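One structure is given here, and the rest of the page talks about it.
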Amino acid sequence: MQEKDLIPVLERIQKKYGYLPLQALKSVARELGVPAVQVYGAATFFKQFRLNPPGKYQIEVCMGTACYMAGGQVALDSFERRLKIGVGETTPDGEFSLERVACVGCCNLAPVAVVDNVVEKNVTPTRVDGILLSLGLSEENKENKENSNAQGK
Amino acid sequence: MRRENREREAGVMAVPSAEKFYAMLRSAAVAGLRILDEVPVIRIGTATCGIAAGALLVRDTFRDELNKRGIEARVMEVGCMGHCYAEPMVIITKPGFPSLCYNNVDEELAIHLVDDFLARGDPCYEFAMAALEPNDFFPTFQDFPRGIYEEKMILGDCGLIDPQEIDHFLARDGYLALCKALQTESNQVLQEIKKANLRGRGGAGFPAGEKWDMARKAPGEIKFVICNGDEGDPGAFMDRNILESNPHLVIEGMIICAYCVGASRGFLYIRSEYRQAVCRMERALEQAREKGLLGERILGSNFSFNLEIFTAAGAFVCGEGTALVKSMEGKMGIPEHRPPELAESGYLGKPTVLNNVKTFCYVPPIILRGARWFRDVGTPESPGTAVFALAGKISAPGLVEVPMGTTLRQLIDDVGGGVPHGKRFKAVQIGGPSGGCLPEQALDIPIDFDSLLGAGAMMGSGGIIVLDEDDCMVRIARFFLNFTQEESCGKCTFCRLGTRHMFRILDDIIRGKGEMGQLETLRRLAEDIKIGSLCNLGKTAPNPVLTTLRYFFDEYRAHISEKRCPALSCPELTVYFIEPKRCSKLCNVCIGSCPVEAIFTRDDGLKAIDQEKCVKCDNCLKACPPDYSAVIKLSPLSLLDERLGKNK
């Protein structure tokens, strides 16, 4: 193992654990003989790496040009509103995490979201609710509605 | 000296064996595929785009139904033909019939096709889209408007061959160019590429032959060839499609390149988001190694070349050569000063050839058919074809390959079928974050590497997004600036802070907080960023802003002085309103469609929107039946008060 193997090593760690634990980064630095700052730098520089554990269901909303123009931002807002988390965050119960991706290359199906590696097409706010319901957000959803009702009154 | 000796040796020894070796491989492949001429073959496009549209379900349906009925047929997974609007696509070849292509196939149609076509003999022409070869019954793709313009130099096999079976590629003369190259002196092969004036398809258009020559002449025993598959432009998916649909073509091109420059190792640098592409490429490499087309003593010659995949961890700036190489070395992907060029000192300090996926794809056909054939297509300065990913507000989005010099108008109106739903064309975004937005009057510019620069855009890697009257040009400029400011590596101050500052100004403008004076700041910043940035990410980052300022100044002015978004697209300047005159008491569709329960029933039974709750998602507007079309958008916000005042 040498310095040039840093990215593949980090990729393998992420594949195994779903994210890059700090402890692992330290071990990588030691094993490859590179400064810890370089490992941390690479881990934070590249979009693919994450430093916190992902949710059980990973939701990636495409923000390519075509998706953005077709309402990708609306879809992202809807996910944020329903899940009550921002981009790059995981719900407190560890069920869902939300990411923004540059382009998944299915521009004709825009707006697109990748949910657990399955591409969902035409993600309108209604579809967002449908996706989340199918993944078992029903309980939380109810709560949400109750809250908004309470606010309405 | 030593290299020359080795070459001479390779030349002498390779002549008889490479040819025989190849002939053996090819005849075995052809023999193995003979079965396909005897039974019906069902080809299903399962590239990422096809799978997203539901191709896997269609594949399973075909398999199940065929099994149930005991029909002998082959179900084959192929790549993508580029007709994205028609996915999932299925091609059925049954002896005695022309090969027919069916679009938007779902489970129901799949069962129908098995019943009527495969079990009986009715080709269901009413569902067919086109035939593959000319016949007396049904039109072919060449009869489509796009068929007139399309000229497939590198996409010809995409969607027809199984990318996971090397035999399909071999049977279509795959690796024949490699066999031919290995029997020719390497410098002669290089001269052919130079004569063809093959220019890099990554965007900059640097002549590939010159780059290779530089690497060839650079001193050192160890050299590398890298294929840049880090397709980061939002809205571009040409490379993904090729990697998924015809991986062996890329491999063959890379091996020939390595032979020319004397490289012994190579890498395919592919975005890790492209899981399918990585997966198919891995299998392709494995099969090429098994057949002796990759690895030690390729085709029995003295030339050895090893190729592996490096999955990129996702950073737009790594599309830049020096940054790409640094990320491969285990560092952050930050661009470096040039010279030295990569061809002199690249990966691990060794001479490195770095080319785009498509550039390598052109190599085998050029070697096989000669530089003349290549130069006969396209323009003298930019010969050959160009591959574009058409997306956005266009009737027939997809992947097209047209000769260089085709105009934007031909590409959008004829090949892509124009803007759908009777909307008016507004602009075309070409070249991604480095390109620009061009208006109607610029549509007659021929597309090649040089012509677009004058209009303020660039060809880029080939993503084309069509925008219609509903798209706000300030918002699209802000979108790209947001992209570049996030993707800036941070090395150069102007790129790091300047793009961020530009983004903030644009953000102010779309929120209705802009001032006319800020436009001058935008222009000044744009010029400074162009001068003060090292790599092309920064140098071209202001292009989306500069082109929109140049061609769509009115929209900026409307946002700033009237607080109005002419396209009714910026949420901060637009409100949704239900026209009481058109609304019906009998209909509740909008209420059900609203995700935030912002729509309520008024005392008189008509519907209205609670503006406090509205998230401007467009749902009610789409849900309202066309008979009523009661939901409208208003901009500027002051119009709402007028309406409310009037209707009370």
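Just so it is clear, the model here is predicted, and its values are computed rather than measured. Sequence lines set the chain letters: A, B, ... in the order given, protein chains first and strands last, and positions in each chain run from 1.
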Choice from Ser569(B), Gly392(B), Ser272(B) maximising heavy atom contacts with chain A below 4.5 Å: Ser272(B)
Aromatic ring proximity, centroids under 6.0 angstrom, Phe224(B) and Tyr347(B): yes
Most chain A-contacting option - heavy-atom pairs closer than 4.5 Å, from Arg475(B), Met328(B), Lys622(B): Arg475(B)
Under 4.5 Å from any heavy atom of chain A - which part of Asn619(B): side chain
Side-chain donor or acceptor of Thr44(A) paired with backbone N/O of Gly41(A) under 3.5 Å: yes
Heavy-atom closest pair, residues Tyr274(B) and Phe237(B): OH-CA, 4.5 Å
Arg275(B) portion near chain A, given a 4.5 angstrom heavy-atom threshold: side chain
Region of Leu390(B) in contact with chain A, defined by heavy-atom distances below 4.5 Å: neither
Side-chain (Lys423(B)) to main-chain (Asp470(B)) donor-acceptor, under 3.5 angstrom: no
Glu486(B) and Arg100(A): CA distance, side-chain angles, deciding distance, salt bridge (charged side-chain N to carboxylate O under 4.0 Å, His left out) verdict: CA-CA 12 Å; Glu486(B) 267 180 23; Arg100(A) 195 167 60 185; 2.5 Å; yes
Best-contacting candidate, Asn117(A), Val101(A), Val118(A), against chain B by heavy atom pairs under 4.5 angstrom: Asn117(A)
Residues from residues 53-65 of chain A approaching chain B under 4.5 Å (heavy atoms): Glu60(A), Met63(A), Gly64(A), Thr65(A)
Contact summary for Pro335(B) and Cys489(B), nearest pair of heavy atoms: CD-SG, 3.6 Å
Other residues, nucleotides, ligands: >12 heavy atoms within 6.0 Å of Glu308(B) CD: yes
Greatest number of heavy atom pairs closer than 4.5 Å to chain A - which of Asp471(B), Val615(B), Thr311(B): Thr311(B)
Residue-level contacts of residues 119-128 of chain A with chain B, using a heavy-atom cutoff under 4.5 Å: Val119(A), Lys121(A), Thr124(A), Pro125(A), Thr126(A)
Heavy-atom pair with the smallest gap, counting every atom of Ser97(A) and Thr90(A): CB-OG1, 3.6 Å
Residue part contacting chain A, namely of Phe316(B), when any heavy atom lies under 4.5 Å: neither
Backbone N/O of Ile309(B) and side chain of Glu282(B): donor-acceptor pair under 3.5 Å: no
Asp610(B) side-chain N/O to Ile599(B) backbone N/O, donor-acceptor pair under 3.5 Å: no
Toward chain A, the part of Cys318(B) with a non-hydrogen atom under 4.5 Å: side chain
Segment of Val466(B) engaging chain A (4.5 angstrom heavy-atom cut-off): neither
Chain A contact via Leu467(B) - side chain, backbone, both or neither, heavy atoms under 4.5 Å: side chain
Backbone N/O of Glu273(B) and side chain of Arg271(B): donor-acceptor pair under 3.5 Å: no
Side chain Thr574(B), main chain Cys570(B), donor-acceptor under 3.5 Å: yes
Under 4.5 Å from a heavy atom of chain B, the part of Glu3(A) involved: both
Closest non-hydrogen atom pair, Cys49(B) against Leu109(A): O-CD1, 4.2 Å
Donor-acceptor under 3.5 Å (Glu87(B) side chain, Asn104(B) main chain): no
Ile85(A) to Leu98(A) - nearest heavy-atom pair and separation: CD1-CB, 3.9 Å
Heavy atoms from other residues, nucleotides or ligands near CZ of Phe600(B) exceed 12 (cutoff 6.0 Å): yes
Validation row: Asn543(B), Phe480(B) side chains within 4.5 angstrom (heavy atoms): no
Donor-acceptor under 3.5 Å (Glu231(B) side chain, Arg240(B) main chain): yes
Choice from Ala391(B), Gly432(B), Cys84(B) maximising heavy atom contacts with chain A below 4.5 Å: Cys84(B)
Contacting region of Pro397(B) [heavy-atom separation from chain A under 4.5 Å]: side chain
Part of Ala312(B) within contact of chain A (heavy atom distance under 4.5 Å): backbone
Heavy-atom pair count under 4.5 Å with chain B, highest-scoring of Glu11(A), Gln38(A), Gln73(A): Glu11(A)
Residue, of Ala315(B), Gly333(B), Gly232(B), that accumulates the most heavy atom pairs under 4.5 Å with chain A: Gly333(B)
Atom group of Ser327(B) that falls short of 4.5 Å from chain A, counting heavy atoms: both
